[in-house]
K.L.:
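The structure follows.
For reference, positions follow the sequence shown, starting with 1.
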Amino acid sequence: MLKSLLHSLIYSLLPARSNTSQRERLRASVGALLGLLLSATVAHTLLGDQAIWMVAPVGASAVLLFCLPASPLAQPWSVIGGNVVSALMGALCVRMFGDGTLAIALATPLAIAAMFALRCLHPPGGAAALMVVIGGPKVHAMGFGFALGPVLLDCVVIVAAAIAYNNLTGRRYPHKQVLSHPNPHATGDQVPTVRLGFQPEDLDAVLRQYNQVLDISRDDLEELFLKTEMRAYQRRFGIITCGEIMSKDVVTAEFATPLEQAWREMRAHRIAAVPVLNRVGRVIGIVTTGDFMSHGGLDDYHGMRRQLREFLRPSGTSHSEKPEVVGQIMVRHPRTARIDTPITELVPLMADSGFHHIPVLDAEDRFAGIVTQSDVVAALYESRLAETSAA
């Protein structure tokens, strides 16, 4: 019994097991190595051996910058502002109260208050404030110059390193907050996926009720909830993949397909989009009726038939400012899916982002088919109908 209680107590004190892959752990570790190496090199070169050129809190900042680049606590202003203003609070305490117990007790709380007020909360800032108080005569002699010298320099350099490294390794940084779901049709309605289920206002209300600092951005938290809902739907109604519902006999075009030919094909087959493939069958773009209208100057609908004929008619010259082939008006690098992609992953793209046609790729990244909004609607309807019939 005692052994079981002891085991439960120890287990309760341990953090949850990390779901981070070995590759991500290596990415973060290498980033911290490169960031600190660059910071130390630049600071030592500019400030010299005789000065304090590296501050310990930057090591803690490196953990946030490279392990948690999406965290609100790791954004550039949080790192630079948090460390610098905290060091200033530490210097203020030393100037007012000396380096005794009172200054030690006040430095970090004042730093926290200042960081909250300036919206730059950064945990290593607490260490920066304390470091100034207990740093000894050399740090005390620098006064506010310590915050505006080595602290500021080290933070600016490591943030610059984090911006470069995180983006080069596939991590968006700085992590800009996305607080709304813009309607692609520029109307006042909410996008379809937030008309049912939980809405952004629900999340805001819960966060206010929770009333604690979260180490995750609001938009990332909302995205996690939406993806959780998606997985729950898949578990309940089964997984339908793009390969099961896609159209396989698809009209396609090449870069050099004449516009007139592509338009005739689209009209003949009553389709609104044509994937553009290269010679080995890989998707290089997509062209829609909207692209024809936009590039043909047909947005005002005045004299549309005449303008369309003029736009489609070949110029007959080797050099023309008017687009002549599909490759000149197509949308490059379109959003694609794979044969095994669950169709539930396409719902936000089609419902919220305005994608109506999504090319599907096989295991070798070659074009295999296309999924339209109609395909997805029909598949979801059939799955719900089957579930209702079984009940």
K.L.:
How far does NE2 of His122 sit from OG of Ser71, to the nearest 0.5 angstrom?
P.N.:
9.5 Å

K.L.:
Please report the shortest heavy-atom distance between Val287 and Phe292, naming the atom on each side.
P.N.:
CG2-CE1, 3.7 Å

K.L.:
First locate atom SG of Cys242, then atom CG of Asp375, and finally report the distance between them rounded to the nearest 0.5 Å.
P.N.:
9.5 Å

K.L.:
Will you find, in the side chains of Thr241 and Glu244, an N or O donor that is under 3.5 Å from an N or O acceptor?
P.N.:
yes

K.L.:
Can you tell me if His333 uses its side chain to pair, donor with acceptor, with the backbone of Gly285 under 3.5 Å?
P.N.:
no

K.L.:
Can you tell me if CZ on Arg366 sees more than 12 non-hydrogen neighbours from other groups inside 6.0 Å?
P.N.:
yes

K.L.:
Quick check: are there more than 12 heavy atoms from other residues, nucleotides or ligands sitting under 6.0 Å from NZ of Lys248?
P.N.:
no

K.L.:
Could you grab the distance from atom CD1 of Ile245 to atom CG of Leu346, nearest 0.5 Å is fine?
P.N.:
7.0 Å

K.L.:
Can you confirm whether the side chains of Ser86 and Asn83 place a donor and an acceptor under 3.5 Å from each other?
P.N.:
no

K.L.:
Please tell me if the side chains of Val283 and Leu361 come closer than 4.5 Å, counting only heavy atoms from C-beta onward.
P.N.:
yes

K.L.:
If only atom types and distance count, is the side chain of Asp154 paired as donor or acceptor with the main-chain N or O of Val55 below 3.5 Å?
P.N.:
yes

K.L.:
Can you tell if the side chain of His175 reaches within under 4.5 Å of the side chain of Gln75, non-hydrogen atoms only?
P.N.:
yes

K.L.:
Any idea which heavy atoms bring Ala127 and Pro57 closest together, and the distance?
P.N.:
C-CG, 3.9 Å

K.L.:
When clusters are formed by joining ILVMFWY residues with side-chain heavy atoms under 4.5 Å apart, either directly or through shared neighbours, do Val139 and Met96 land in the same one?
P.N.:
yes

K.L.:
First locate atom CD of Glu24, then atom OG1 of Thr169, and finally report the distance between them rounded to the nearest 0.5 Å.
P.N.:
7.5 Å

K.L.:
Test side chain to side chain contact (heavy atoms under 4.5 Å, CB included) on Val151 and Phe146; report intermediate values, then the result.
P.N.:
CA-CA 6 Å; Val151 174; Phe146 179 75; 3.6 Å; yes

K.L.:
Closest heavy-atom contact between Gly48 and Trp53?
P.N.:
O-CD1, 3.4 Å

K.L.:
Less than 4.5 Å apart, side chain to side chain, heavy atoms only: is that true for Val326 and Val274?
P.N.:
no

K.L.:
Taking a hydrophobic cluster as the set of Ile, Leu, Val, Met, Phe, Trp and Tyr residues connected by side-chain heavy atoms closer than 4.5 Å, whether directly or through intermediates, do Trp77 and Val79 fall within one such cluster?
P.N.:
no

K.L.:
Just verifying a value: how many Å separate Leu277 CG and Glu254 CD, rounded to the nearest 0.5 Å?
P.N.:
7.5 Å

K.L.:
Look only at the side chain of Glu324 and the backbone of Thr257, and say whether a donor-acceptor pair between them is shorter than 3.5 Å.
P.N.:
no

K.L.:
For the backbone of Val250 and the side chain of Ser247, can you confirm whether one donor and one acceptor N or O come within less than 3.5 Å of each other?
P.N.:
no

K.L.:
Using every non-hydrogen atom in the two residues, find where Pro150 and Met142 come nearest and quote the distance to one decimal.
P.N.:
CD-CE, 3.8 Å

K.L.:
Can you confirm whether Arg25 is buried at CZ, in the sense that more than 12 heavy atoms of other residues, nucleotides or ligands lie under 6.0 Å from that atom?
P.N.:
yes

K.L.:
If the threshold is 4.0 Å, N to carboxylate O, is there a salt bridge linking Glu345 and Arg338?
P.N.:
no

K.L.:
So which of Val325, Ile284, Ile286 actually passes side-chain contact (heavy atoms from CB on, under 4.5 Å) with Met330?
P.N.:
Ile284

K.L.:
When you measure from the side chain of Asn166 to the backbone N and O of Leu65, does any donor-acceptor pair fall under 3.5 Å?
P.N.:
yes

K.L.:
For Ile52 and Leu47, work out which heavy atoms get closest and say how close.
P.N.:
O-CD1, 3.6 Å

K.L.:
Is the side chain of Tyr173 donor-acceptor paired with the backbone N or O of Ala74 at a distance under 3.5 Å, no angle test?
P.N.:
yes

K.L.:
Under a 4.5 Å cut-off applied to non-hydrogen side-chain atoms, are Ile80 and Val156 in contact?
P.N.:
yes

K.L.:
Would you indicate whether the side-chain heavy atoms of Ile329 and Leu259 approach each other to under 4.5 Å?
P.N.:
yes

K.L.:
Would you say Leu130 and Ile104 make side-chain contact, with heavy atoms under 4.5 Å?
P.N.:
yes

K.L.:
With a 4.5 Å limit on heavy-atom distance, are the side chains of Leu68 and Leu73 in contact?
P.N.:
no

K.L.:
Is there a donor-acceptor pair under 3.5 Å between the side chain of Arg282 and the backbone N or O of Glu364?
P.N.:
yes

K.L.:
Please answer whether the main-chain N or O of Arg27 pairs with a side-chain N or O of Tyr165 as donor and acceptor at a distance below 3.5 Å.
P.N.:
yes

K.L.:
Applying a strict under-4.5 Å side-chain criterion to I, L, V, M, F, W and Y, I'd like to know whether Met54 and Ile158 cluster together.
P.N.:
yes

K.L.:
Applying side chain to side chain contact (heavy atoms under 4.5 Å, CB included), run through Asp49 and His44 and close with a yes or a no.
P.N.:
CA-CA 7 Å; Asp49 288 326; His44 185 260; 2.4 Å; yes

K.L.:
Look at the side chain of Ser29 and the backbone N and O of Leu26, then say whether any donor-acceptor pair between them is shorter than 3.5 Å.
P.N.:
no

K.L.:
Which heavy-atom pair separates Val371 from Val360 by the least distance, and what is that distance?
P.N.:
CG2-CG2, 3.6 Å

K.L.:
Under 4.5 Å between side-chain heavy atoms, counting indirect links through other Ile/Leu/Val/Met/Phe/Trp/Tyr residues: same cluster for Val85 and Met131 or not?
P.N.:
no

K.L.:
Consider only side-chain heavy atoms of I, L, V, M, F, W and Y, link residues closer than 4.5 Å, and tell whether Ile112 and Leu118 are in one cluster.
P.N.:
yes

K.L.:
Could you give the distance from NE2 (His356) to OG1 (Thr288), rounded to the nearest 0.5 Å?
P.N.:
8.5 Å

K.L.:
Look only at the side chain of Ser39 and the backbone of Leu36, and say whether a donor-acceptor pair between them is shorter than 3.5 Å.
P.N.:
no

